[in-house]
Protein chains: 2
Amino acid sequence: MESVIPYRSDMKATFQPIRSPRISEEVIAQIKSAILSGQYQPGDKLPSERELIEQFGVGRGVIREALRALEATGFVTMRQGPNGGAFLKELNFNHLTGGFVDLYLAGKLTIPELNQVRKLVEPEVARLAAARVNDAYREQLRQALAGERGQFCDGDDRMQGMTRVHFILAEMCGNYLLHAIVNAMIKLTHEIVATVEPQEHYALHGAGEHDAVAEAVIAGQPQRAAEAMRAHLDQFCQKLLNMDRRYRGQATG
Amino acid sequence: MESVIPYRSDMKATFQPIRSPRISEEVIAQIKSAILSGQYQPGDKLPSERELIEQFGVGRGVIREALRALEATGFVTMRQGPNGGAFLKELNFNHLTGGFVDLYLAGKLTIPELNQVRKLVEPEVARLAAARVNDAYREQLRQALAGERGQFCDGDDRMQGMTRVHFILAEMCGNYLLHAIVNAMIKLTHEIVATVEPQEHYALHGAGEHDAVAEAVIAGQPQRAAEAMRAHLDQFCQKLLNMDRRYRGQATG
DNA sequence: TATGTAGCGATGGTCATACCAATCGCTGCG
DNA sequence: CGCAGCGATTGGTATGACCATCGCTACATA
C-alpha cells in the first residue's frame with residue numbers, strides 16, 4: 001500500500017476511528033464511493049480483478065473478498081468469461097429479503113408479526129395507489145386479475161400470479177421506500193409459504209380475492225381501496241396463520 | 001470435493017436449480033443451515049479457517065469468501081488472535097441499515113419518502129406501546145426524557161439522546177418486525193443527518209419534543225399517544241425537509 | 001510471593017503463483 | 001454460409017508461504 005487512500009478528511013475532535021485492520025474494507029469503501037459519486041452507472045463493468053490488483057496494489061484475495069462483500073450487499077453481480085467481470089446492479093432492496101427469511105427460520109419472526117405489519121402498511125399503499133391511478137396502471141391491474149384465472153405450470157408460477165396485484169400496487173404508491181417494504185413483506189410471505197408448504201399452497205389463495213381491491217383502485221376510490229385491502233388481508237392472514245400452526249405443530253423447526 | 005454436501009432433498013418437480021458454480025455458496029449454505037437448525041448459538045465460535053478447510057475439503061480462499069459473505073449478511077463477526085475466529089452474532093436487522101443509507105446517497109431514496117413511512121408506522125407503534133406499557137418501560141421513558149435535558153459530550157451523543165424515546169417505543173410495541181422497521185428508519189434518519197449536516201444538527205431537535213408522546217404512553221392512552229406522535233413527526237419531518245433542501249441546494253450529490 | 005515481561009503458538013490477514021473452468025470471438029475448414 | 005474448434009480473457013480454486021495480532025505460559029525479577 002502506498003500513496004493512495006484519501007479517506008475521511010472530515011475527522012471530528014474526538015478520537016474513535018482506529019480504522020479496521022482490513023485492507024478489503026478500504027477497497028470496498030473506495031469502490032462504493034466511486035459508485036455512489038456517480039462515476040459508475042448501473043450496468044457498467046468494474047475493472048477486472050487483475051486490473052484492480054494493480055490499481056490498488058494489493059493481493060487478489062483482498063480484491064475477491066471485497067467483491068464478494070459488494071455482491072452480498074447488492075452492489076454488483078459477477079459474470080465469468082471474456083466480457084465478464086463485476087457489473088453494477090441497479091441499487092434496490094431485493095438483497096435483504098433473504099435476510100428476513102433467515103430471521104423467520106431462526107424463529108425470531110412470527111407470522112402474526114408479519115401479518116400485523118402487512119395490515120398496517122398495505123391498506124395505506126392501496127389508498128395511495130388509488131389516488132395516483134392512471135390508464136397504464138389500470139391496464140396492468142386488469143391483466144393481473146385476468147392472470148389469476150389463467151393456467152399455471154407449477155406452484156411457484158401460481159404464487160407469482162397471486163401476488164401480482166400486490167406488487168403493482170406497491171409500485172403505484174409512488175414511495176420507493178414503501179414499495180421496498182411491501183415488496184419485502186410479500187416476498188417474505190411468499191418464501192415462507194414455499195418453505196413450509198411447498199406442495200399445498202394452492203389452498204391459501206384462490207383467484208379473484210383481489211378483485212375488490214383492484215376495482216376500487218381502478219375506480220380511483222382511495223378509501224374503498226384501503227378497506228378492501230384490509231378485508232382481503234384479514235382473510236388471507238388468517239389462512240396463513242392456520243398454515244403456520246399446522247407447520248409448527250407437526251415439525252419443530 | 002467428495003462425499004459430503006447433503007443439500008435440498010426436497011426438490012420439486014420442476015427443474016430450475018443448476019446451482020451457482022461457486023463452492024463458497026455451498027459452504028455458506030451449509031454453515032447457515034447449521035446455524036438456523038440450532039447447532040450453533042449466538043456467541044459460539046465456528047471452527048477455525050484451517051479446520052473448515054479440512055472439513056469441507058476446499059481451498060482457503062473459498063472459506064474466507066464464505067465467511068466474508070456471512071459477515072456482510074450479519075451472521076458472524078471475525079476476531080483475530082488465539083481464541084479468535086468467526087463468532088455467531090445475535091441475528092437482527094442492524095446490518096441492513098447501512099444499505100438504506102447507501103440508497104439515500106445514491107439518490108434512490110428521498111426525505112419525503114422517509115417521512116411518509118415514519119408518519120405511517122410510528123404513530124401505530126406509539127399506540128401499541130401505550131397499550132402494553134408497564135412500570136419498567138415507564139421508568140425507561142422517564143429516564144429518556146430526563147436524558148434529553150442533560151449534557152452531551154458531542155453531536156453524536158446528543159443525537160443518541162434525542163432518538164432514545166423512539167427506540168424505546170419501538171421495542172415496546174411487541175412486534176419484532178415493526179421494531180426492526182422503525183429502528184431502520186430512525187437510524188437512517190440519524191445517519192442522513194450525520195452525513196449532510198455533521199455540525200449543525202442541534203438545530204433539528206430540541207429537548208422536550210417527545211414529552212407529549214411519552215406522557216401519553218406512560219398514561220396508557222393509545223389514541224392520545226398516536227396523535228402526539230403524529231404531531232411530533234409533522235414538526236420534525238418539516239425540519240428534516242428543510243435541511244435536505246439546503247443540502248441539495250448547495251452541494252449536488 | 002507477587003509482578004512484570006519475553007516469547008511461544010494459534011488464529012486471522014495478506015501475498016504470489018499456478019492452474020481450472022466458463023465463455024466469447026475468431027478462424028478455418030467443410 | 002455454417003459450424004467446429006481453438007485461443008484468449010475473465011472469474012474460480014488450490015497451495016504455500018509469510019505477516020499481524022493476541023492470549024497464555026513460563027521465566028525472570030523485585
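We name chains A, B, ... by the order of the sequence lines, and we start the count at 1 in each one. What's counted below: heavy atoms across the whole structure, side chains too, no hydrogens, waters or symmetry copies. Given the structure is predicted, the values throughout are model-derived calculations rather than measurements.
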- Task: Could you state the atom-to-atom distance from CZ of A/Arg64 to P of D/dT10 in whole Å?
- Result: 14 Å

- Item | Gap between atoms CD1 and P, on A/Ile23 and D/dC19 respectively (whole Å) | 15 Å

- Item | Separation of D/dT13 P from B/Ile53 CD1 (nearest whole Å) | 14 Å

- Can you sort out the partners of B/Thr110 under side-chain hydrogen bond (donor to acceptor under 3.5 Å, both in side chains), two or more places apart, ordered by chain and number? B/Glu113

- Item | Summary of side chain to side chain donor-acceptor pair (under 3.5 Å) pairs that have at least one residue in residues 76-87 of chain A, sequence neighbours excluded | none

- Message: Can you tell me which nucleotide in D/dG11, C/dG12, C/dC15 comes closest to the side chain of A/Met78?
- Response: D/dG11

- Message: Between P on C/dG12 and CG on B/Leu70, what's the gap in Å once rounded to a whole number?
- Response: 14 Å

- Item | Results of side-chain hydrogen bond (donor to acceptor under 3.5 Å, both in side chains) for A/Arg60 - residues two or more places apart only | A/Glu49

- Message: When you measure from the side-chain N and O atoms of A/Arg22 to the phosphate of C/dG12, is any distance below 4.0 Å, counting only OP1 and OP2?
- Response: no

- Please step through salt bridge (Lys or Arg N to Asp or Glu O under 4.0 Å) for the pair A/Lys89 and A/Glu71, ending with a clear verdict. CA-CA 9 Å; A/Lys89 281 170 60 172; A/Glu71 196 183 28; over 6 Å; no

- Item | N/O donor-acceptor pair under 3.5 Å between B/Thr73 side chain and B/Ala69 backbone | yes

- Round to a whole Å and report the spacing from CD of A/Glu26 to P of C/dT14. 11 Å

- Task: If a protein heavy atom is under 4.0 Å from the base, mark B; if only from the sugar-phosphate, S; if neither, -; do that for nucleotides 5-11 of chain C going 5' to 3'.
- Result: ----BBB

- Message: Once side-chain hydrogen bond (donor to acceptor under 3.5 Å, both in side chains) is applied, do any residues pair with B/Thr189, and if so which ones, sequence neighbours excluded?
- Response: B/Arg118

- Query: Does B/Glu171 have any salt bridge (charged side-chain N to carboxylate O under 4.0 Å, His left out) partners at least two apart in sequence or in another chain, and if so, which?
  - Reply: none

- Message: With a 4.0 Å limit, can you tell me whether A/Arg60 has a side-chain N or O closer than that to the phosphate oxygens OP1/OP2 of D/dG11?
- Response: no

- Task: Write down the distance between CD (A/Glu65) and P (C/dG12), rounded to a whole number of angstrom.
- Result: 12 Å

- Message: Can you list everything that forms a salt bridge (charged side-chain N to carboxylate O under 4.0 Å, His left out) with A/Glu65? Sequence neighbours excluded, please.
- Response: B/Arg64, B/Arg68

- Message: In whole Å, I'd like the distance from the CD1 atom of A/Ile63 to the C1' atom of D/dT10.
- Response: 15 Å

- Quick one: list whatever passes ring pair (Phe, Tyr, Trp, His ring centres under 6.0 Å) with A/Tyr176, sequence neighbours left out. A/Phe93

- Message: Distance check needed: D/dG12 P versus A/Glu71 CD, whole Å only.
- Response: 7 Å

- Message: Using a 3.5 Å limit on both distances, find every run of at least three consecutive Watson-Crick or G-U pairs that involves DNA chain D.
- Response: C:1-30 with D:1-30

